[in-house]
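Numbered from 1 within each chain, the chains take letters A, B, ... in sequence-line order.
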Protein chains: 2
Amino acid sequence: MAVSIPRTPESVTGKQQRTPRAFEMVVDHVEQSVLQGSLKAGDRLPGERELVNRFAVSRSSIREAMRVLESSGVISTRPGDPRGAIILPPTSDPLRKLMTKLAVFSRSSLADLLLYRMTLESAASSLAASRRSAGDLLELEKAMARMTQCLELGLEEFSRADLNFHDVVARISRNPMIQISGEAVRASIEDLIKGYLRESSEDRVLMHRTLHHHREVLEAIRSQDAHVAEHLARSSIFEYYGHLLGDSDRLAVAALASFGTPAGSVQ
Amino acid sequence: MAVSIPRTPESVTGKQQRTPRAFEMVVDHVEQSVLQGSLKAGDRLPGERELVNRFAVSRSSIREAMRVLESSGVISTRPGDPRGAIILPPTSDPLRKLMTKLAVFSRSSLADLLLYRMTLESAASSLAASRRSAGDLLELEKAMARMTQCLELGLEEFSRADLNFHDVVARISRNPMIQISGEAVRASIEDLIKGYLRESSEDRVLMHRTLHHHREVLEAIRSQDAHVAEHLARSSIFEYYGHLLGDSDRLAVAALASFGTPAGSVQ
DNA sequence: CCATATTTGTCCGTATGTATT
DNA sequence: GAATACATACGGACAAATATG
């Protein structure tokens, strides 16, 4: 075979200016509409055939755009629904999936996620202590009661109630980013340690100790002591997950957990 | 809202299970292959027509799967490339974009974002103080020098150098999650206040004060004083952006900024 | 409850521009 | 430059799911 002159395959395409694709136009337009406010959560998109007319692209391109918007949590579609795709409220679900994937890919250790979570939980608790209303305290009490009930149902059910408590605290913080990021990292941690949690004779000890820590956090939020709430939240996470870490990681996480702990605290 | 505790695990299965779609099978298979290691960065996927045979689905479904995998940063496609889609190395790019989008979609206020950022920056600085190497200090010095140079170039250039400093600190923290979230929230804040930053006679005062704060943070990291670094990072953010807040928000953010500030600190 | 129309999910065929050989 | 293989894009078609009367 005659040798053809190498065409420098990458140098020509080096500028990487790919022509905008049809579905990208649709995705960008929908996203812009959402952040501009003309599309709000609960609103409906026109049907696919109508979108074909609106954007003057084929139905295949419309469908590819729907899949991308769906994967990023912007919309949700159902087969046969004549009302078309629905605009979703911002949730932590796609963030959780990406976070879990990246954690596995980058060999991000459980310690990294725990440090991140401790940071978010302490901030959420601190803000919750500052901003909680009387109704918020009722919700926290309800979450506590649910945890108490789950003491008898095993560690798995208890963990669910535990996560619910943190969800409530994050909601009370009234900071969307802290709330969403917190939900994502909590779920991501659960995904990662799923299967590693098995019944142990120390489960009851762990659950009771955790319940006690959460009670302390709740009381700090009740008395609006942001400082104490912040540090209790940190140590609470460490107490619950610390035993899953290796010695080296455990020391590093413990350093942040007990960091600046005020006198008269845990331990 | 009924709050009855589910007595049986079956009640959890009450969720409507939608039939798995064709493209989801392809997405899951590729993601699993990557997670499992049978597909590594740089590997090529078969062409779309070959994938049609492998998965026994239509070309449309294959293409929808490609779009989803592309949007989550797993693969990259080029029109006309006979080698097929390429597996990308895992990056934080899609996660950062998603977080930025969430910050906008969730209608987070500047105060919300600043609180979130102060939380992350303080954690990053704290970890950086614990983990910094000698080479890390050199990088920080270089970032500081760049800020000093930008003093003469106006607030916009200075802000860029400022953000670079925080990027370096976050990288030194060696926590991917904190680093990525920090990048995302910094970008979101810049987008949000773009245009609100205009030349002011107080710019030089602001820049010099900011430079001083960053020097303090650097010295805390150098002396591995995580506690001081944590609190300095918080107050540094507030000092730089606080004047953009309304009175009510400013008080709330200031509360967290000066939170537990050790004696002999700023102000 | 049943029937019908509409929509989504899926598949197939075709055309066009692009990248590689 | 020519040939080949590919991604992108379009339009038509059918089955399953859904809403409405």
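Within the structure, every side-chain polar atom (N or O) of Ser58(B) is placed at least 4.0 Å from both OP1 and OP2 of dT10(C).
Remark: Asp93(A) engages Arg96(A), Lys97(A) in a salt bridge (charged side-chain N to carboxylate O under 4.0 Å, His left out) (not counting sequence neighbours). For Glu31(A), the salt bridge (charged side-chain N to carboxylate O under 4.0 Å, His left out) partners two or more places apart in sequence, or in a different chain, are Lys101(B).
In this entry the distance linking CZ of Arg83(A) with C1' of dT18(D) reads 9 Å, nearest Å. Atom P of nucleotide dA5(D) and atom CZ of Arg78(B) are separated by 19 Å, given to the nearest angstrom. Residue Asn53(B) contributes atom CG, which lies 14 Å from atom C1' of dC11(C) at whole-angstrom precision. Taking atom CE of residue Met25(A) and atom C1' of nucleotide dC10(D), one finds them 14 Å apart after rounding to whole Å. Following rounding to the nearest Å, Asp81(A) (CG) and dG9(C) (C1') show an atom-to-atom distance of 13 Å. The distance between atom CZ of Arg59(A) and atom C1' of dC12(C), rounded to the nearest whole Å, is 14 Å. Rounded to whole angstrom, the span from the CZ atom of Arg44(A) across to the C1' atom of dT7(C) amounts to 12 Å.
By the 30° and 60° cut-offs, the orientation of the rings of Tyr240(A) relative to Phe158(A) is tilted.
Ile237(A) contributes atom CD1, which lies 9.0 Å from atom OG of Ser122(A) (distance to the nearest 0.5 angstrom). Annotation: the span from Leu39(B) atom CG to Gln32(B) atom CD amounts to 11.5 Å, rounded to 0.5 Å.
A side-chain donor-acceptor contact under 3.5 Å links Ser38(A) to the backbone of Ser33(A).
Residue-level contact check: Glu48(B) touches the bases, meaning some heavy atom is under 4.0 Å from a base atom.
Considering only side-chain atoms of Phe23(B), the nucleotide from dA15(C), dT10(C), dC10(D) that sits closest is dT10(C). In this structure, of dA15(C), dG9(C), dA19(D), it is dA15(C) that holds the atom nearest to the side chain of Arg49(B).
The residue among Pro82(B) and Val57(B) whose nearest nucleotide of DNA chain C lies closer to the 5′ end is Val57(B).
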- prompt: Hey, mind stepping through Arg131(B) and Asp136(B) against salt bridge (Lys or Arg N to Asp or Glu O under 4.0 Å) and telling me if it holds?
  reply: CA-CA 9 Å; Arg131(B) 302 176 169 181; Asp136(B) 294 333; over 6 Å; no
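Using a 4.0 Å cut-off on heavy atoms, the residues of residues 60-75 of chain A that approach DNA chain D are Ser60(A), Ser61(A), listed by number.
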